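Only one structure is covered here, and it is reproduced in the block below.
Being a predicted model, the structure only gives us computed values, none of them experimental.
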Amino acid sequence: MNPLNNAPNLRHLAAAIEVKRQGSINRAASQIHLTQSALTQAMKKLEASLGFKLFDRASVGLFPTEQGVIYLDRVERAIEHLTAIEKHLQNQRSSKRTPIYRQLTTTQLRAFICVVEEESYTLAARRLGQTQPTVHRAVKEMEAICGQTFFRRAPNGVEPSWQARLVVRHINLFFSELSQGLEEVSEHGGILRGTLRVGSLPLSRTEMVPKAVVQLLKEFPKAQVSIIDGPYEEQLSALLNGRIDMIVGALRDPLPSPDVVQEFLFQDPLHLVVRPSHPLATAPSSTAKELRELEWVAPKENTPAREAFTRFFTSQDLEPPEHIVECSSLVAIRGILLESDRVALLPAQQVQLEVDLGLLAVSPQTLPGTSRKIGLTFRANYSPTKVQRRFIELIKH
C-alpha cells in the first residue's frame with residue numbers, strides 16, 4: 001500500500017481528533033468552527049473511506065471504538081509531524097493562529113513531496129497523474145500557508161531549499177504513521193498483513209536478516225517484507241523519511257542524527273580474508289609493519305569497518321596502508337581477492353559461504369581492536385506494529 005495514494009482527508013482527520021478529545025459533536029464543532037451537521041457528515045465520510053467505525057454514538061456523547069482508539073492514536077502521532085513543521089517555520093507564521101494541519105490538505109502534501117523528490121513540477125505531475133498547473137497551484141498554496149518560498153528555479157526544474165527538505169521529512173512521516181495505523185487496525189482484527197521495510201548493511205544481509213525474515217513469514221505469511229541495501233547514508237535518509245522502519249548493521253559513533261536511536265546487539269570482530277592459496281591463509285601471524293606493506297581491499301571511508309582498519313595501524317604507530325582499493329561489494333571483493341594477492345578486512349560470518357565453497361579463506365590471525373558494534377537503528381519516536389515488533393524480537397534472539 002502506498003500511503004500517499006490512500007491517505008484520508010486531512011481536515012477530516014483533524015476533526016476526528018477533536019471529536020475524540022471533546023467526546024461530543026457539538027463541542028468539537030464549536031472548537032473547529034464547523035456546524036454540527038457539517039462535522040457529522042465529515043465523520044461519516046471519514047469512516048466510509050476507512051472502512052470501519054471510529055466512534056460509537058451514545059446519549060451522553062461519542063466514544064472511540066476499539067478500532068478508533070488504535071487508529072486515532074496513530075493519527076495524533078501523524079499530526080505531531082505536521083505540528084513540527086509549524087515549529088520550524090514559527091518565525092514566518094508568528095501571526096497565524098490556526099494550526100497548520102487544519103489548513104493543509106493531503107493534495108497539497110502529496111504534491112509537495114513529489115516536487116521535492118522530482119525537482120520538477122512537470123515530472124511531479126506525471127508521477128501523480130495530474131496536470132502541471134494543478135501541482136504548481138497546490139505547492140504555491142502550501143507555500144502561502146507556511147509563509148515560506150520552498151523552491152527556486154533551476155536549469156532543469158526547481159531546487160528545493162533546505163527548509164523544503166526538512167518539511168518533506170515530516171510529511172513523509174505523517175503519511176507513514178497513517179499507513180501504520182491502518183496496519184494496526186487490521187492486526188487488531190486478526191488480519192496480519194503488516195509491512196516490514198528493513199535497511200540491511202553488509203553483515204546483516206548474509207545471515208541475520210534473512211533468517212529473521214524467513215521465521216517472520218512462517219508466523220505472518222501475509223506480511224509484506226522489503227529488504228533494502230545500499231550505502232548507509234541512503235539508508236539513513238530513508239529511515240528519517242519513513243521509507244524504511246529500521247537499519248540492521250554496524251552502529252555509528254558518534255550518532256549520525258539526533259533523530260535516531262541505536263540499540264547495541266553484539267561486537268563483531270573483523271578478520272583477514274584472502275584467496276585460499278595466499279600465504280596468509282595459513283600463516284599464524286604477521287607483524288603490523290608486514291601487514292602495512294600488503295595490498296588491500298579496504299572498506300569505504302567513514303564507515304565503522306574503515307575506522308577499525310585505520311585504528312589498527314595507528315595504534316601501532318604506523319600510517320595506514322597506501323595500496324588500497326576501496327570496495328563495499330562482496331561480489332567485487334571476492335573477484336579481486338581471487339585474482340590477486342590483495343587482502344580484505346571483513347567479518348568472518350559475511351564470507352562463510354565463500355569459505356565453505358573453498359573460494360576464500362580466513363586467516364587464523366586476529367587483529368586486536370578491529371571489532372565493530374552491530375545493532376539496530378530506529379527513528380527516535382518509532383512505534384512498531386505487531387509484525388515489526390516480532391521481527392525485532394527475532395533479530396535480537
Fill in: K140/E143 ion pair, N-O < 4.0 Å
yes
Item to complete: Give a yes or no on whether a salt bridge exists between E117 and R169, defined as a side-chain N under 4.0 angstrom from a carboxylate O.
Response: no
Output a table of donor-acceptor pairs, distance under 3.5 Å, between side-chain atoms of residues 209-222 and any protein atom two or more places apart or on a different chain; print 'none' if there are none.
{"residue": "K211", "atom": "NZ", "partner": "E207", "partner atom": "OE2", "Å": "2.7"}
{"residue": "Q215", "atom": "NE2", "partner": "E219", "partner atom": "OE2", "Å": "3.0"}
{"residue": "E219", "atom": "OE1", "partner": "R390", "partner atom": "NE", "Å": "2.7"}
{"residue": "E219", "atom": "OE2", "partner": "R390", "partner atom": "NE", "Å": "3.3"}
{"residue": "E219", "atom": "OE2", "partner": "R390", "partner atom": "NH2", "Å": "2.9"}

Worksheet item: Going hydrophobic residue to hydrophobic residue with side-chain gaps under 4.5 angstrom, can you get from V116 over to L89?
Response: yes
Discussion item. Within the 4.5 Å heavy-atom criterion, are H188 and E66 side-chain neighbours or not?
Written reply: yes
Discussion item. For the CG atom of L39 and the CG atom of N26, what is their distance to the nearest 0.5 Å?
Written reply: 9.0 Å
Discussion item. With rounding to the nearest 0.5 angstrom, report the CG to CD1 distance, L360 to I333.
Written reply: 9.5 Å
Practice prompt. Identify whether V135 and L123 are in the same connected component of the hydrophobic contact network (ILVMFWY, side-chain heavy atoms under 4.5 Å).
Written response: no
Discussion item. Please determine whether residues I336 and L272 belong to a single hydrophobic cluster, defined as Ile, Leu, Val, Met, Phe, Trp and Tyr linked transitively by side-chain heavy-atom distances below 4.5 Å.
Written reply: no
Worksheet entry | Minimum-distance pair of heavy atoms, taken over all atoms of A111 and A138 | CB-CB, 3.8 Å
Worksheet item: Would you say I374 and Q267 make side-chain contact, with heavy atoms under 4.5 Å?
Response: no
Worksheet entry | Partner set under ring-ring contact (aromatic ring centres under 6.0 Å, His included) for Y382, not counting sequence neighbours | F378
Worksheet item: Does the distance from a Lys or Arg side-chain N to an Asp or Glu carboxylate O, for D73 and K20, drop under 4.0 Å?
Response: yes
Discussion item. Quick one, I100 and I85 - any side-chain contact, counting heavy atoms below 4.5 Å?
Written reply: yes
Worksheet entry | N156 atom CG, neighbour heavy-atom count above 12 within 6.0 Å | no
Discussion item. Donor-acceptor check, side chain of E183 to backbone of T195, threshold 3.5 angstrom: yes or no?
Written reply: yes
Discussion item. Hydrogens and angles aside, do Q22 and E18 bring a side-chain donor and acceptor to less than 3.5 Å of each other?
Written reply: yes
Fill in: Connected via hydrophobic side-chain network under 4.5 Å: V273 and L201
no
Worksheet entry | Heavy-atom pair with the smallest gap, counting every atom of P368 and F312 | O-CD1, 3.7 Å
Worksheet entry | P269: side-chain contact (heavy atoms from CB on, under 4.5 Å) partners, not counting sequence neighbours | H271, S371
Fill in: Student check: side-chain heavy atoms of L10 and L82 closer than 4.5 Å
yes
Worksheet entry | Sequence-distant partners of K44, side-chain hydrogen bond (donor to acceptor under 3.5 Å, both in side chains), two or more places apart | none
Discussion item. I need the minimum non-hydrogen distance between P304 and R252, along with the two atoms involved.
Written reply: CD-CZ, 3.2 Å
Worksheet item: salt bridge (charged side-chain N to carboxylate O under 4.0 Å, His left out): which pairs involve residues 366-379, sequence neighbours left out?
Response: D268-R372
Practice prompt. Flag the pair E177 and R74 as a salt bridge only when some basic side-chain nitrogen lies within less than 4.0 angstrom of an acidic carboxylate oxygen.
Written response: yes
Worksheet item: Under a 4.5 Å cut-off applied to non-hydrogen side-chain atoms, are L353 and L357 in contact?
Response: yes
Worksheet, complete the sentence: side-chain contact (heavy atoms from CB on, under 4.5 Å) filter on P231, not counting sequence neighbours, yields E233, E234, K300
Discussion item. Run the side-chain contact (heavy atoms from CB on, under 4.5 Å) test against S286 and tell me which residues pass, sequence neighbours left out.
Written reply: L280, E290, L291, Q365
Worksheet entry | Main-chain N/O of F175 paired to S179 side chain as donor or acceptor, under 3.5 Å | no
Worksheet entry | Worked verdict on Y101 versus F174 for ring pair (Phe, Tyr, Trp, His ring centres under 6.0 Å) | CA-CA 11 Å; Y101 66 86; F174 164 80; 9.4 Å; no
Worksheet entry | Single-linkage hydrophobic cluster L270~L337, side-chain heavy atoms < 4.5 angstrom | no
Fill in: F52 ring center within less than 6.0 Å of Y71 ring center
yes
Worksheet item: Taking only residues at least two apart or on different chains, which pairs with a member in residues 323-337 satisfy salt bridge (charged side-chain N to carboxylate O under 4.0 Å, His left out)?
Response: R306-E326, R334-E354
Worksheet item: Do any N or O atoms from the side chain of N241 and from the backbone of R243 form a donor-acceptor pair under 3.5 angstrom?
Response: no
Worksheet item: Which heavy atom in A15 sits nearest to a heavy atom in M43, and how many Å separate them?
Response: CB-CE, 3.7 Å
Discussion item. For the backbone of H323 and the side chain of R342, can you confirm whether one donor and one acceptor N or O come within less than 3.5 Å of each other?
Written reply: yes
Worksheet item: Measuring from E187:CD to R193:CZ, what's the distance to the nearest 0.5 Å?
Response: 12.0 Å
Item to complete: Drop me the distance from T385's OG1 to D245's CG, to the nearest 0.5 angstrom.
Response: 7.0 Å
Worksheet entry | With F391 via ring-ring contact (aromatic ring centres under 6.0 Å, His included) - residues at least two apart | none
Worksheet item: S340 and E295: side-chain donor and acceptor closer than 3.5 Å?
Response: no
Practice prompt. Nearest 0.5 Å please: distance from the CG atom of L251 over to the CD atom of E263.
Written response: 9.5 Å
Worksheet item: So, are E322 and R292 salt-bridged, with charged N and O less than 4.0 Å apart?
Response: yes
Worksheet item: Between S161 and Q163, do the side chains contain an N or O donor and an N or O acceptor separated by less than 3.5 Å?
Response: yes
Worksheet item: Taking side chain as C-beta onward, heavy atoms only, is R152 less than 4.5 Å from T149?
Response: no
Worksheet item: Is the side chain of R57 donor-acceptor paired with the backbone N or O of F55 at a distance under 3.5 Å, no angle test?
Response: yes
Discussion item. Taking E393's backbone N and O only, do any of them form a donor-acceptor pair with H397's side chain (distance below 3.5 Å, no angle check)?
Written reply: yes
Discussion item. Check this for me: does any side-chain nitrogen of one of K386 and E184 sit under 4.0 Å from a carboxylate oxygen of the other?
Written reply: no
Discussion item. Running the 4.5 Å side-chain criterion over Ile, Leu, Val, Met, Phe, Trp and Tyr, what cluster does W162 land in, apart from itself?
Written reply: L166
Worksheet item: What orientation do H81 and H170 show, parallel under 30°, tilted 30 to 60°, or perpendicular over 60°?
Response: tilted
Worksheet item: Taking atom types as modelled and ignoring hydrogens, do the side chains of T40 and S37 form a donor-acceptor contact shorter than 3.5 angstrom?
Response: no
Response to the item:
Across all chains, not counting sequence neighbours, the side-chain contact (heavy atoms from CB on, under 4.5 Å) partners of E141 are Q108, R137
Worksheet item: Within the side chain of T134, is there an N or O that forms a donor-acceptor pair under 3.5 Å with the backbone of Q130?
Response: no
Fill in: Value rounded to 0.5 Å, distance of CG in N172 from CD1 in I113
4.0 Å
Worksheet item: What residue pairs, at least two apart or across chains, pass salt bridge (charged side-chain N to carboxylate O under 4.0 Å, His left out) with a residue in residues 311-320?
Response: none
Discussion item. Looking at every non-hydrogen atom in both residues, tell me the closest pair between L72 and A16 and how far apart they are.
Written reply: CD2-CB, 4.0 Å
Discussion item. Looking at every heavy atom in both L54 and E47, which two are closest together, and how far apart are they?
Written reply: N-OE2, 2.8 Å
Worksheet item: Is it true that a side-chain atom of R197 and a backbone atom of G242 form a donor plus acceptor pair closer than 3.5 Å?
Response: yes
